[in-house]
Amino acid sequence: MMSGTMSEIHDPNAPQSTSDLANTGRMDVSAVLDEGRGVVVPESVGEVVFNLDDVHVFYGDFEAVRDVTMQIGRNEITAFIGPSGCGKSTLLRSFNRMNDLIPGARVEGLLAYHGFDIYAPDVDPIEVRRRIGMVFQKPNVFPKSIYENVAYGPKVNGMKVNMDDLVEECLTRAALWDEVKDDLKKSAYALSGGQQQRLVIARCIAVKPEVILMDEPCASLDPIATAKIEDLMKELAADYTIVIVTHNMQQAARVSDRTAFFTADVDAQGVRHGRLVEYGPTRSIFTAPNDPRTEDYISGRFG
Amino acid sequence: MTTATASSAPGGLNPLRQTKPRYGEAVIRGILVLAAAVSLFTTFGIVISVLIPSLEFFAEISFTEFLFTTTWTPLFANPQYGVLPLLMGTFVITVIAVLVAIPLGLGSAIYLSEYASPKARKVLKPTLEVLAGIPTVVFGFFALEFITVYVLKPIFPDIQVFNALSAGLVMGIMIIPTIASLSEDAMAAVPSGLRDGAYALGATKRQTALRVVVPAALSGIVAAFVLGVSRAIGETMIVTIAAGLQPNMTLNPLQGMQTMTSYIAAAGSGDVPTGSIEYKSIFAVGLLLFIITFVMNMISIRLVRKYRQAYQ
Ligand SMILES: Nc1ncnc2c1ncn2[C@@H]1O[C@H](COP(=O)(O)OP(=O)(O)OP(=O)(O)O)[C@@H](O)[C@H]1O
Ligand SMILES: [Mg+2]
């Protein structure tokens with residue numbers, strides 16, 4: 001059932017503008033309201049890749065993200081939206097243990113990947129990150145050639161592959177091959193911002209991850225480069241599970257299957273904690289949000 | 001609109017004109033130009049004052065004898081002016097120093113920048129920099145009285161009291177902070193996004209440090225190396241004290257050697273009559289030293305520029 005729905009959503013011929021969302025959103029929209037938390041949890045996300053149960057993320061004593069319970073479905077694009085500082089990046093970075101690199105950061109609650117708690121003591125964060133790649137806001141290409149950028153991940157992971165073929169394959173998938181095939185030896189810094197971001201995506205898929213986390217991947221790009229990355233995401237969703245943080249409402253509406261809206265609550269001590277307010281199929285979040293805060297935010301009256 | 005302009009500019013003056021003279025600007029500018037001029041003229045003056053006696057020296061001694069013969073005995077009855085033994089001494093001691101300082105300096109830099117906790121770094125970096133503040137004369141006696149006697153003598157029983165090895169090792173220790181500190185600065189300046197990118201691909205700490213951070217910081221690291229080497233070539237006190245004053249044409253570091261700098265120091269502080277050929281030889285050696293250091297600096301500027309072009 002799910003796969004039928006998916007192929008429809010990622011049909012390249014399908015209309016892609018916001019106003020046509022209704023045409024593409026023929027997925028399971030029966031959402032239930034979790035009374036206890038006031039959070040809308042979709043009834044089913046198909047095959048579950050991430051299962052979050054009561055997840056809290058801390059920086060030292062500061063609880064940046066509080067009590068998130070949600071599931072992320074396979075081969076879907078899930079968008080995280082919400083005002084600045086509500087913990088979207090923090091939560092996203094905890095999906096592949098990038099938070100381990102920040103001294104004092106820690107996660108409480110269950111964050112399971114295919115049923116395995118990724119914060120269990122015997123889990124190797126390097127194995128986690130191999131399977132769950134990440135693309136950042138600023139295109140962080142390495143000071144190496146275009147070729148070496150793509151080859152870096154497979155090399156450090158000791159993958160036994162034909163590197164030339166892999167580089168070509170990944171650059172092709174990232175819709176960059178035609179633009180760079182004649183100067184693979186050139187420094188990656190010579191590329192434009194949009195090309196660099198596609199190179200980063202090529203580099204990311206070269207280690208054959210299952211999930212790609214994207215933290216505002218288009219924030220530093222112009223509309224044309226943004227459109228290219230968005231097309232690419234839709235392409236990639238056939239094979240990968242994608243979670244994207246974005247401040248661009250149209251982008252969330254255009255590309256994602258599901259949307260999670262976060263906001264920051266102020267507690268009795270005046271400390272702000274990020275919380276999940278509403279999570280559901282993108283179409284219903286944008287057309288019929290359950291929570292007034294969601295409605296205010298997406299209509300631009302908030303944050 | 002016209003009335004508004006007229007009212008704010010009585011007498012029809014241009015409202016955009018400068019109303020107050022800015023004397024401060026001119027004063028600051030003058031002081032800065034003066035500062036730049038002083039250092040420029042000093043450099044120029046040094047070059048001239050080295051060049052003139054050197055040219056007089058080469059009027060008497062041919063370039064060929066100076067550069068290609070292997071005996072340096074300017075103070076003997078039958079003086080010979082082949083500078084190669086001094087070059088050899090400088091070369092051997094510098095190589096030893098660099099072999100010590102580059103691995104240890106770069107290693108400390110990688111540790112400090114990539115592995116050390118912020119707390120450890122806060123203690124270790126200043127400690128390392130204290131090493132740079134120790135007077136070189138102290139390093140010289142450390143080499144002569146401690147390294148040679150207690151470390152090298154037990155390993156090499158027939159080592160000479162004055163030897164190139166102890167001077168080179170201690171000089172290497174002396175330039176570790178230069179290399180470590182500058183390399184660490186270069187690595188700390190690598191955007192953390194690059195590290196995140198590597199970790200997000202499943203790279204280990206070592207793979208991130210060695211294959212992303214070090215290449216990204218390469219221009220700064222190369223500059224640190226070259227500065228370290230320049231300091232080693234120009235260093236005088238340690239070699240004068242610990243390496244002896246015999247101009248030996250040898251590659252054996254267990255023997256005493258004289259470097260270009262220690263010849264200049266020794267001859268310059270002796271009672272060489274001004275205007276004599278011995279006196280002029282000091283400047284000829286100085287000129288050679290100047291040229292070598294100058295070329296090194298040119299190379300480093302080239303290297304830095306090359307990597308910067310490729311990576312930024
Ligand atoms: N490394 C850190 N150390 C301490 N606190 C942090 C750190 N990174 C983020 N925070 C705090 O955690 C909270 C959530 O930040 P986060 O970056 O996750 O928000 P965000 O939703 O991604 O915001 P934006 O939309 O601006 O990117 C903020 O209050 C922020 O100040
Ligand atoms: Mg963020």
Side-chain angles (χ1 to χ4, degrees), chain A residues 89 92-93 95-104 124-145 148-159 185-190 196 199-201 203-209 211-215 220, chain B residues 106 109-125 183 185-224 302-312:
Chain A
S89 302
L92 194 74
R93 289 169 64 93
F95 279 32
N96 66 342
R97 295 194 55 169
M98 288 300 284
N99 279 344
D100 290 20
L101 304 170
I102 299 169
D124 179 4
I126 289 166
E127 286 299 323
V128 172
R129 294 183 202 128
R130 253 225 56 194
R131 289 172 176 75
I132 306 169
M134 192 160 202
V135 173
F136 301 83
Q137 172 174 345
K138 236 181 120 217
N140 54 356
V141 297
F142 298 141
K144 298 172 184 290
S145 69
E148 286 299 327
N149 262 275
V150 182
Y152 179 86
K155 275 189 189 160
V156 299
N157 285 297
M159 284 163 66
K185 295 266 170 293
K186 228 168 60 176
S187 165
Y189 282 129
Q196 288 190 6
L199 177 60
V200 169
I201 293 171
R203 185 177 77 185
C204 176
I205 59 183
V207 295
K208 310 236 178 273
V211 181
I212 306 176
L213 308 173
M214 298 181 162
D215 194 348
S220 55
Chain B
L106 187 57
I110 294 174
Y111 173 74
L112 281 175
S113 141
E114 305 302 309
Y115 287 84
S117 70
K119 234 189 241 161
R121 176 167 37 235
K122 230 161 126 189
V123 176
L124 288 174
K125 210 179 173 197
S183 302
D185 289 346
M187 284 193 266
V190 171
S192 66
L194 286 189
R195 292 183 186 88
D196 286 350
Y199 285 125
L201 292 167
T204 62
K205 202 154 216 181
R206 175 179 57 84
Q207 290 163 336
T208 305
L210 296 183
R211 293 163 82 162
V212 172
V213 179
V214 169
L218 204 57
S219 69
I221 292 173
V222 168
R302 280 277 158 78
L303 283 174
V304 170
R305 201 170 291 157
K306 178 173 162 223
Y307 289 119
R308 194 164 286 162
Q309 267 173 357
Y311 295 137
Q312 272 156 32

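Only heavy atoms go into these numbers, but all of them, side chains included; no hydrogens, no water, no symmetry mates. Lettering follows sequence order; numbering is per chain, from 1. Just so we're clear, the structure is a prediction, and the values are computed from it rather than from any experiment.
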*Any donor-acceptor pair under 3.5 Å linking the side chain of A:Lys144 with the backbone of B:Ala216?*
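It does not hold such a pair.
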*Answer yes or no: is there a side-chain heavy-atom contact under 4.5 Å between A:Lys155 and B:Arg211?*
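A side-chain contact under 4.5 Å exists here.
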*asked:* Evaluate A:Ile126 against B:Thr204 for side chain to side chain contact (heavy atoms under 4.5 Å, CB included), listing each step before the verdict.
replied: CA-CA 7 Å; A:Ile126 289 166; B:Thr204 62; 3.6 Å; yes
*What's the shortest heavy-atom distance between A:Pro143 and B:Leu194, and which atoms?*
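For A:Pro143 and B:Leu194, the tightest heavy-atom pair comes out as CD-CD1, 3.8 Å.
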*Looking only at non-hydrogen atoms, find the nearest pair between B:Val212 and A:Phe142 and report the distance.*
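Of all heavy-atom pairs spanning B:Val212 and A:Phe142, the closest is CG1-CD2, 3.8 Å.
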_Nearest-0.5 Å distance that lies between atom CZ in B:Arg195 and atom CG in A:Asn140_ =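 Atom-to-atom, B:Arg195:CZ and A:Asn140:CG are 12.0 Å apart.
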*Rounded to the nearest 0.5 Å, how far does CG of B:Asp196 lie from NZ of A:Lys138?*
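The distance works out to 11.5 Å.
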*Of the listed residues (A:Leu101, A:Val207, A:Asn96), which shares the most heavy-atom pairs with chain B below a 4.5 Å separation?*
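Top count of heavy-atom pairs under 4.5 Å with chain B: A:Leu101.
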*asked:* As an exercise: rank B:Pro118, B:Pro191, B:Ala198 by heavy-atom pairs under 4.5 Å with chain A and give me the winner.
replied: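 Going by pairs under 4.5 Å, I would pick B:Ala198.
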*B:Leu201 and side-chain contact (heavy atoms from CB on, under 4.5 Å): which partner among A:Arg130, A:Arg203, A:Met134, A:Arg129?*
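Result: among A:Arg130, A:Arg203, A:Met134, A:Arg129, A:Arg203 is the only option passing the side-chain contact (heavy atoms from CB on, under 4.5 Å) with B:Leu201.
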_Which atoms of A:Ile132 approach chain B - backbone, side chain, both or neither, heavy atom under 4.5 Å_ =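 For A:Ile132, backbone heavy atoms alone lie under 4.5 Å from chain B.
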*Region of A:Val141 that comes under 4.5 Å of a non-hydrogen atom in chain B*: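 Contact with chain B is through the backbone of A:Val141 alone.
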